[in-house]
Amino acid sequence: MARRATVIREAKVSGKPVLVLDAGNSLVPIGGGAGSNEPAQGTRGQTSVEALNRLGYDAVALGVSDALLGREDLRKRIAEARGFTFVSANLLDKDTGKLLVEPFIIRQVGGHRVALLGVTGRLVEEGRGLATRDALETAREYVARVQSQADIVILLSNAGAEVNRAIAEQVPGVDLIISGGSQSQPGEVPVGQSVLVVQADLSTPGDAGRYLGRLEVEFDYRGVLGKHTWSPVELGPSIADDPGVAAWVASLPQR
Amino acid sequence: MTQPAHSRPRKVSRTAARGRPKWELWAVLGLSVVILAFLTSIGSCRLFTMVKELVSPGARGPISLTILHSNDTWGYIFPCG
């Protein structure tokens, strides 16, 4: 965590515009952590939101594992976000049919309006007060809606590789998909000439968050994707701990 | 009887009356030639692009951006980097 903070801080002081994004499933371990004693388990994701606040994220999508918290706890976590926004255009309150969080936000970056739109993977179990709409249909509807408000459209999606590819091929206006979820592999996948899909990590129980994706990308004056380089950043011991975040981590109950 | 001041014919020198407008005309002509020469030298495609950039709503020019992204961190604090 403290190494991730260092990479983010160093990128932000470089002077180049930086966006820090998460594609979802950032709050609690899948299956309750399978024997781990992570603070996120005991705090129902409270430490996870605190970490995202401290690291300086811009937008975080809500994922299927986040929905396992259930509607009431998830609402509490959403209320604790400071400085970043949870986004999902298809995660609904099952009783009211209303969206749980903002579907997208618009950020001004280097004179461009950048839309950060969230899409949640399909909930297999909808018994926790939450439900999802079809990801492809959602993307179709909201991308059309944000196009008049933004020059660049970035999708934060944990809907899986197949759905992401369908969105990239069938929904005009998407420039970049930041991918997550267990159904897609880390790496970069160009789709056609103008859409790129990137994913930082493929997590397994006991091994999550060891990689950060770094994308250096150019968009032309119309907001069309141009030259880009992508690389995974392994958050290994060669990266120094951020002292502030390291002190916070040390203050948490040790496992 | 004295004539009112405003009706008195003014004495204006020929230099003042004709010299200044002539100088301004040459300056405008000169500037136009310079602009035309510049536009011709950059070519019609680039000119079209520049005009589009100026009239494009919202966008101000190309942008180089760093995007740092994560996924599926599951709230892990200790094993995370």
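No part of A/Leu52 comes within reach of chain B, as not one of its non-hydrogen atoms sits under 4.5 angstrom from that chain. For A/Leu156, no part lies near chain B; criterion is any non-hydrogen pair under 4.5 Å. With a 4.5 Å cut-off on non-hydrogen atoms, A/Ser65 touches chain B through its side chain but not through its backbone. Interface remark: A/Leu176 contributes side-chain atoms only to the contact with chain B (heavy atom separation under 4.5 Å). Within the 4.5 angstrom heavy-atom criterion, only backbone atoms of A/Ser179 (N, CA, C, O) approach chain B. Both the backbone and the side chain of A/Leu212 come within contact range of chain B, each with at least one heavy atom under 4.5 Å from a heavy atom of that chain.
Between A/Gln199 atom CD and B/Ser70 atom OG the span is 11.0 Å, to the nearest 0.5 Å. Taking NZ of A/Lys16 as the start and CG of B/Leu65 as the end, the distance is 7.5 Å to the nearest 0.5 Å. A distance of 6.0 Å separates CD1 of B/Ile77 from CG of A/Leu252, quoted to the nearest 0.5 Å. Summarising the geometry, atom CG belonging to B/Asn71 is positioned 7.0 Å from atom CG belonging to A/Asp22; distances are rounded to the nearest 0.5 Å. In this structure, the separation between CG on A/Leu55 and OG1 on B/Thr73 is 9.5 Å, given to the nearest 0.5 Å.
Contact check for B/Leu68 versus A/Ile8: side-chain heavy atoms found under the 4.5 Å cut-off. A/Val198 places none of its side-chain heavy atoms less than 4.5 Å from the side chain of B/Ile67. Looking at heavy atoms from C-beta onward, A/Asp151 lies out of side-chain contact with B/Ile63 at the 4.5 angstrom threshold.
Scanning all heavy atoms of the two residues, the minimum distance from B/Tyr76 to A/Met1 falls at O-CE, 3.5 Å. Closest approach of B/Ser64 and A/Pro17 over heavy atoms only: O-CD, 3.4 Å. Taking every heavy atom of both residues into account, B/Gly75 and A/Ser48 meet most closely at CA-OG, 3.3 Å.
Options A/Gly180, A/Gly181, A/Pro186 differ in how many heavy-atom pairs under 4.5 Å they form with chain B, and the most are formed by A/Gly181. When A/Leu27, A/Ile154, A/Val20 are compared by the number of non-hydrogen pairs under 4.5 Å with chain B, A/Leu27 comes out ahead.
Counted within 6.0 Å of OH on A/Tyr211, heavy atoms from surrounding residues, nucleotides or ligands total 12 or fewer; the atom is thus considered open.
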